[in-house]
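This chain uses plain numbering: 1 for the first residue, then up along the sequence. All of these numbers come straight from a predicted model, not from anything done at the bench. Just the heavy atoms: all of them, side chains too, but no hydrogens, waters or symmetry mates, feed the values below.
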Amino acid sequence: MKPASALSLAAAALVAACASTATVPAGMKAGQFVEYACEGGKRLAARAAADGSTVRIRFEGGWELDRRDGGVYEGDGWRLSTGAGTAELAHGGKVVAKGCRATA
């Protein structure tokens, strides 16, 4: 194998490994619902897929949200923003739960 071919193969393997790395939001667990306590006494639960591609939420029903950029998950008018150990949930552009933190 030529050195250039070996380098191309190694680069392709590295890209494939990065693409398959699980990226579960902080505070969530893959395959297990985690309860969140939010401001105003509101509560929600969230479960991340093992690969981080979706998050299932329970709040006034249950929805599967698809991963977007920057710790954001969206679907069916819902938007879950995650980061820095907190989460915020919006529906139809209106925040319905904010300052949400995973409970122990």
Side-chain angles (χ1 to χ4, degrees):
M1 181 180 290
K2 295 181 180 179
S5 297
L7 183 58
S8 295
L9 186 58
L14 181 60
V15 168
C18 290
S20 64
T21 302
T23 54
V24 174
M28 286 190 199
K29 296 179 183 178
Q32 184 178 14
F33 275 99
V34 173
E35 297 288 327
Y36 285 81
C38 309
E39 292 178 14
K42 294 183 179 182
R43 302 183 72 76
L44 65 93
R47 178 190 71 210
D51 65 358
S53 63
T54 64
V55 168
R56 176 95 175 148
I57 60 166
R58 290 182 182 160
F59 183 86
E60 299 178 1
W63 292 271
E64 195 81 18
L65 310 180
D66 296 319
R67 180 177 57 203
R68 303 291 185 238
D69 292 331
V72 173
Y73 293 80
E74 294 179 326
D76 295 322
W78 294 94
R79 178 183 175 95
L80 179 68
S81 302
T82 63
T86 65
E88 179 177 281
L89 183 63
H91 186 253
K94 180 183 175 189
V95 174
V96 295
K98 64 182 179 178
C100 303
R101 296 190 179 277
T103 60

Indicate the atoms forming the closest heavy-atom contact of [X] with [Y], along with that distance.
{"X": "A49", "Y": "V24", "answer": "O-CG2, 3.8 Å"}
{"X": "A48", "Y": "M28", "answer": "CB-SD, 4.1 Å"}
{"X": "C38", "Y": "A97", "answer": "SG-CB, 3.9 Å"}
{"X": "V55", "Y": "A46", "answer": "CG1-CB, 3.9 Å"}
{"X": "R101", "Y": "A84", "answer": "NH1-O, 4.3 Å"}

Would you say that more than 12 heavy atoms from the other residues, nucleotides or ligands in this model lie under 6.0 Å from the CZ of R58, or not?
no
If you round to the nearest 0.5 Å, how far is [atom2] of [Y] from [atom1] of [X]?
{"X": "R43", "Y": "Y36", "atom1": "CZ", "atom2": "OH", "value": "12.0 Å"}
{"X": "K29", "Y": "R47", "atom1": "NZ", "atom2": "CZ", "value": "14.0 Å"}
{"X": "L65", "Y": "I57", "atom1": "CG", "atom2": "CD1", "value": "4.5 Å"}
{"X": "L89", "Y": "H91", "atom1": "CG", "atom2": "NE2", "value": "9.0 Å"}
{"X": "S81", "Y": "E74", "atom1": "OG", "atom2": "CD", "value": "8.0 Å"}
{"X": "R68", "Y": "Y73", "atom1": "CZ", "atom2": "OH", "value": "11.0 Å"}

Should T23 and R67 be marked as a side-chain contact (heavy atoms from CB on, under 4.5 Å) after you check the CA-CA gap, both sets of side-chain angles, and the distance that decides it?
CA-CA 10 Å; T23 54; R67 180 177 57 203; 2.6 Å; yes
Are V72 and V34 linked, directly or through intermediate hydrophobic residues, by side-chain heavy-atom contacts shorter than 4.5 Å (ILVMFWY only)?
no
Determine, using the 4.5 Å side-chain heavy-atom cutoff (strictly less than), whether F33 and L44 are members of one ILVMFWY cluster.
no
Backbone N or O of A37 within a donor-acceptor pair of the T103 side chain at under 3.5 Å?
no
Please work out whether the ring planes of F59 and W78 are parallel, tilted or perpendicular, with thresholds of 30° and 60°.
perpendicular
Does a side chain donor of either T54 or E64 reach within less than 3.5 Å of an acceptor in the other side chain?
yes
